[in-house]
Amino acid sequence: MRKAFRTASGEVREVLRDFSTSLAVGKIHALVGPSGYGKTTALRIVIGLDRDFEGMVTLPLGTKIGMVFQEPRLLPWRSVLDNLRLAAPRASEANLVRIATDLGIAGHLRYFPGELSLGLARRVALARAFAVDPNFLVLDEPFVSLDAALAMRLGDELVALVEHTEVTTLLVTHDIDEAIRLADHIMLLGGRPAKIVADFDIAFPRAAMTANYAAKIKAQIGAVIAEAVA
Amino acid sequence: MLLRILSLLLLIAIWQAASMLAASRLLPEPLAVVDVMLREARSGALFFNLGTTLARVAISFALAMFFGTLFGILMGRSVTLDRLGDPWLVVLLNLPALVIIVLAYIWIGLTDTAAILAVALNKLPNATVTIREGARSLDAGLEEMATVFAMPWQTRLRHVLLPQLAPYVAAATRSGLSIVWKIVLVVELLGRSNGVGFEIGTAFQVFDVALLLAYALPFVGIMLAIESFLVQPFEQHVSRWRIKTA
Ligand SMILES: Nc1ncnc2c1ncn2[C@@H]1O[C@H](COP(=O)(O)OP(=O)(O)OP(=O)(O)O)[C@@H](O)[C@H]1O
Ligand SMILES: [Mg+2]
């Protein structure tokens, strides 16, 4: 597909061209690329928020999207718990509390979003996406601005959820190590206008991964990036 | 609070002194006004007229707020509707209240419908403009969030849209109420045979200032009470999440 923006100054800026991929069900797909290359743009097109593009997106019938935006986007006038409830009216109270506990925000359910740190707010946004019991989970850099240990822990929570519910996941990140650690499939975004310049299927993802294998993938990715820069 | 009460007492004292100096029925003493008030209250006329006027205030205010909110949201969201509606708004905003009132009475007749419509029409453009301002500043990110999470329209209305509009609704309520309760008296004076405005008109014809004040003061008191015990708490309630974050 192709996507061009008409900027405020009137010029047309092409952001994506020949962008094409397919996502296997039940896997974690990481979209990796530098800042400003069109990762968020691609996500918005995939989940149907942006319909002004050329090409097509096919989602299976009955797709239920759980989304973590790049900013938390919580309703500031509702408590954390109400934010979860409103997004996931069908989730049971016990379920919401369990998700909140897993993500370490159980103590903040009565707070208003304005009373949370950015890291806590990000976790609420994550909890909200988990709570709707999605079959398509879309995350736009969900772990930035968290300290490394917490990012690691939340990554593990994400993995646990995906392995438990087999939800198809599209994870945008600019952190290659994070992508290698979490994903089954890595897509590298590059070029201007951007497209997917390389694709890696991880044969031994996550728990099955050895340090050796991770290093090998990383070297491959590094080679592609070096080539793109050259 | 104490200072406010003192200042109010001072006002009454000045009134008392002035009326003693003037010694004229055109400036009656406070107690004389209270006397008339009690007389009208005992006959039931005071409550009947106050009630009638308040009902007119309530209905026309509700009409104006409802349609003002509706038009304001529509015009704030759609450029086309905004272009279409804007000239109408400008005309309505600049039409003197008196013109609207007289036209309503001429075209519809000297009825309550005409009276209420005239008041509502006077308030409508203000409400629309205020709410439109709110609708223009809606958070697109939250709307996208609501779309992605497939929130039903009731949820979006109650939890996404209205909380963002609430400060504007509160502002429109506050300014609207003060417009409505002033205009409603003129409307009654011109074309109704009951209500506070009508009684004030009667008092004016015979220069009965005591009667005039006996109706005007309780009415003002009630409107102020509504303002401070209903409107202001409502404003605080809708912005409580903001206060907490401060
Ligand atoms: N509404 C818009 N109008 C014009 N240009 C836009 C618009 N939105 C995004 N762009 C441009 O599209 C490009 C891609 O933006 P996008 O937000 O998708 O980047 P990103 O890869 O998500 O970056 P980051 O990692 O910083 O979030 C940028 O060059 C940006 O300037
Ligand atoms: Mg982005």
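Worth saying up front: this structure is predicted, and the values here are computed from it rather than measured. Numbered from 1 within each chain, the chains take letters A, B, ... in sequence-line order.
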Practice task
Would you mind checking which part of A/I47 comes under 4.5 Å of any heavy atom in chain B, side chain (CB onward), backbone (N, CA, C, O), both or neither?
Solution key: side chain
Handout entry: Heavy-atom contact with chain B under 4.5 Å, split by part of A/R44
Key = side chain
Problem - Residue among A/L74, A/L75, A/V132 with most heavy-atom pairs under 4.5 Å to chain B - result: A/L75
Handout entry: Residues A/K39, A/D140: salt bridge by 4.0 Å N-O rule
Key = no
Practice task
With a 4.5 Å cut-off on heavy-atom pairs, point out which of A/L86, A/I65, A/V138 contacts chain B the most.
Solution key: A/L86
Exercise for the section: Check whether any side-chain heavy atom of B/F219 lies under 4.5 Å from a side-chain heavy atom of B/L185, and answer yes or no. Expected result: yes
Practice task
Might you work through the salt bridge (charged side-chain N to carboxylate O under 4.0 Å, His left out) test for A/D133 and A/R90, ending with a clear yes or no?
Solution key: CA-CA 9 Å; A/D133 190 18; A/R90 266 192 281 275; over 6 Å; no
Fill in the blank from the handout: If one checks every heavy atom of A/R78 against chain B at 4.5 Å, the contacting part turns out to be side chain
Handout entry: Proximity breakdown for B/R156 and chain A, heavy-atom pairs closer than 4.5 Å
Key = neither
Practice task
Would you mind checking which part of B/M151 comes under 4.5 Å of any heavy atom in chain A, side chain (CB onward), backbone (N, CA, C, O), both or neither?
Solution key: side chain
Handout entry: side-chain contact (heavy atoms from CB on, under 4.5 Å) between A/I105 and A/L116, worked out
Key = CA-CA 10 Å; A/I105 51 167; A/L116 302 175; over 6 Å; no
Exercise for the section: Take A/L96 and A/L109 through the side-chain contact (heavy atoms from CB on, under 4.5 Å) test and state the conclusion after the steps. Expected result: CA-CA 10 Å; A/L96 292 181; A/L109 287 175; over 6 Å; no
Practice task
Tell me, with the steps shown, if A/R153 and A/D156 meet salt bridge (charged side-chain N to carboxylate O under 4.0 Å, His left out).
Solution key: CA-CA 5 Å; A/R153 216 192 92 209; A/D156 293 340; over 6 Å; no
